[in-house]
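Here the structure is laid out as structure tokens; the discussion comes afterwards.
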There are 2 protein chains.
Amino acid sequence: MSKKYNISVEATLEVIGGKWKPVILCHLIHGKKRTGELKRLIPKITQKMLTQQLRELEHDGIINRIVYNQVPPKVEYELSEYGDSLREILHSLCLWGEHHIERTYGNSKDYLEDSVLNQ
Amino acid sequence: MSKKYNISVEATLEVIGGKWKPVILCHLIHGKKRTGELKRLIPKITQKMLTQQLRELEHDGIINRIVYNQVPPKVEYELSEYGDSLREILHSLCLWGEHHIERTYGNSKDYLEDSVLNQ
DNA sequence: TCCTTTAGTTACTAAAAAGTACCTACATTA
DNA sequence: TAATGTAGGTACTTTTTAGTAACTAAAGGA
């Protein structure tokens, strides 16, 4: 009848899978971000994909969308309380990536953009 | 010049991103599996995708491919020592999925296939 | 001899994901 | 009056990803 998962990780992937969602969320674990900030932090993402992914994350209760009623518009995104339950996982995913880059290339400085995230 | 990541999680996604890899790996954290076992555990995967994903994981050093020189062929896959560094992350991803299913549907039994993985 | 079994390959097709380019709203400021 | 800045929407195209179906190898057994 109802939708079945063969293994629970499939449910996780429905929510945070894909090319952009983990990236967006890894930025949000460092705090609230405006739309434009996210675009700057993720230079290769298009407006369309950014909005689309943010909408889905909001729909799944992972992030909050905070709209300030002003012109020009100001919108901020943050991890919701529920999304915060992903914090450790997201952090581990970032950490593993750093280790992997080092293992693969010998160092991470030359292959990883400097940013608040990679200290 | 050389390839750059804007954030380290991108490197992680290159290795374990996509629709099938986390599923395959979550099965392998419970031990060595033959090709046919994996096909049975992941009913919706096709032979082609299974082989393709396994090859990539092997190439990235995440899994070992163990070939027994016999006919009909017998091949087993297991997490490599390096792949084992993903064990905790994979486990957390599964756990989060279970919580998410419960939060979303009220219970997990009706939405999650019974298997060794979901006790 | 021919079927079975297991793991895998390949050419082709279909579907899903992502990219492009252009459009909107509207208060503020020059 | 016209340009600016910010967030977002949309139709269309391209690219990527995945699925389909038919194929191979080779030992053992009927």
Side-chain angles (χ1 to χ4, degrees), chain A residues 3 5-7 9-28 31-60 62-78, chain B residues 3 5-7 9-25 27-28 31-60 63-78:
Chain A
K3 189 176 200 175
Y5 302 99
N6 279 284
I7 184 171
V9 74
E10 292 170 18
T12 310
L13 293 172
E14 271 189 359
V15 177
I16 61 160
K19 184 174 173 180
W20 298 114
K21 283 176 186 171
V23 175
I24 293 171
L25 292 173
C26 281
H27 284 292
L28 291 184
K32 220 183 301 187
K33 295 272 179 297
R34 290 189 63 171
T35 312
E37 281 184 277
L38 286 171
K39 268 197 280 194
R40 194 168 39 72
L41 288 166
I42 315 173
K44 287 181 204 133
I45 204 170
T46 59
Q47 170 76 256
K48 178 193 151 191
M49 288 313 292
L50 180 58
T51 315
Q52 186 177 303
Q53 304 301 303
L54 288 168
R55 289 289 173 282
E56 292 179 13
L57 289 168
E58 189 195 2
H59 174 265
D60 287 323
I62 306 298
I63 62 173
N64 296 322
R65 179 165 183 263
I66 305 159
V67 182
Y68 296 85
N69 197 25
Q70 61 185 52
V71 170
K74 176 179 177 181
V75 177
E76 288 182 327
Y77 295 93
E78 65 179 7
Chain B
K3 189 176 200 176
Y5 302 100
N6 280 283
I7 184 171
V9 74
E10 292 170 16
T12 311
L13 293 173
E14 271 189 0
V15 177
I16 61 160
K19 184 176 175 181
W20 298 115
K21 283 177 185 170
V23 175
I24 293 170
L25 292 173
H27 284 293
L28 291 184
K32 220 183 300 187
K33 295 273 180 294
R34 290 189 62 171
T35 312
E37 281 184 277
L38 286 172
K39 268 196 281 193
R40 193 170 39 74
L41 288 166
I42 315 171
K44 288 182 202 131
I45 203 170
T46 58
Q47 169 77 257
K48 177 192 150 190
M49 288 313 292
L50 180 58
T51 315
Q52 186 178 303
Q53 304 302 303
L54 288 168
R55 288 290 173 282
E56 291 178 14
L57 289 169
E58 189 194 3
H59 174 266
D60 287 323
I63 62 173
N64 296 322
R65 180 166 182 261
I66 307 159
V67 181
Y68 296 85
N69 197 25
Q70 60 185 54
V71 170
K74 177 178 175 181
V75 177
E76 289 183 325
Y77 295 94
E78 64 179 10

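Lettering follows sequence order; numbering is per chain, from 1. When reading the values below, keep in mind they use all heavy atoms of this one structure, side chains included, and skip hydrogens, waters and symmetry mates.
Checked against C/dG8, D/dA18, C/dG19, the side chain of A/Thr46 finds its nearest nucleotide in C/dG19. Each of D/dT20, D/dG9, C/dA18 was ranked by its minimum atom distance to the side chain of A/Trp20; first place goes to C/dA18. The nucleotide whose nearest atom lies closest to any side-chain atom of A/Pro72 is, among D/dT6, C/dT20, C/dA18, D/dT6.
In this structure, B/Gln52 places its CD atom 9 Å from P of D/dT17, rounding to the nearest Å.
Dashed line: the shortest gap from a side-chain N or O of A/Arg65 to OP1 or OP2 of D/dG8 is under 4.0 Å. Checking the phosphate oxygens (OP1, OP2) of C/dG8, a side-chain nitrogen or oxygen of B/Arg55 falls inside 4.0 Å. Contact annotation: A/Thr35 side-chain N/O to D/dG8 OP1/OP2 distance is under 4.0 Å. OP1 or OP2 of C/dG8 sits under 4.0 Å from a side-chain N or O of B/Tyr77. OP1 or OP2 of D/dA7 has at least one side-chain nitrogen or oxygen of A/Arg34 nearer than 4.0 Å. At the phosphate of C/dA17, neither OP1 nor OP2 sits under 4.0 Å from any side-chain N or O atom of A/Lys21.
Within the model, atoms NZ of B/Lys33 and CD1 of B/Ile66 stand 12.0 Å from one another, a figure rounded to the nearest 0.5 Å.
Residue-level contact check: B/Lys19 touches the backbone only, with heavy atoms under 4.0 Å from sugar-phosphate atoms and none from bases.
By the 4.5 Å heavy-atom criterion applied to side chains, B/Ile7 and A/Ile42 are not counted as neighbours. For the pair B/Glu37 and B/Arg40, the minimum side-chain heavy-atom distance is below 4.5 Å.
The only member of B/Val23, B/Ile45, B/Leu28 that meets side-chain contact (heavy atoms from CB on, under 4.5 Å) when paired with B/Leu38 is B/Leu28.
When each of A/Met49 and B/Leu54 is assigned the nucleotide of DNA chain C bearing its nearest heavy atom, the one mapping closer to the 5' terminus is B/Leu54.
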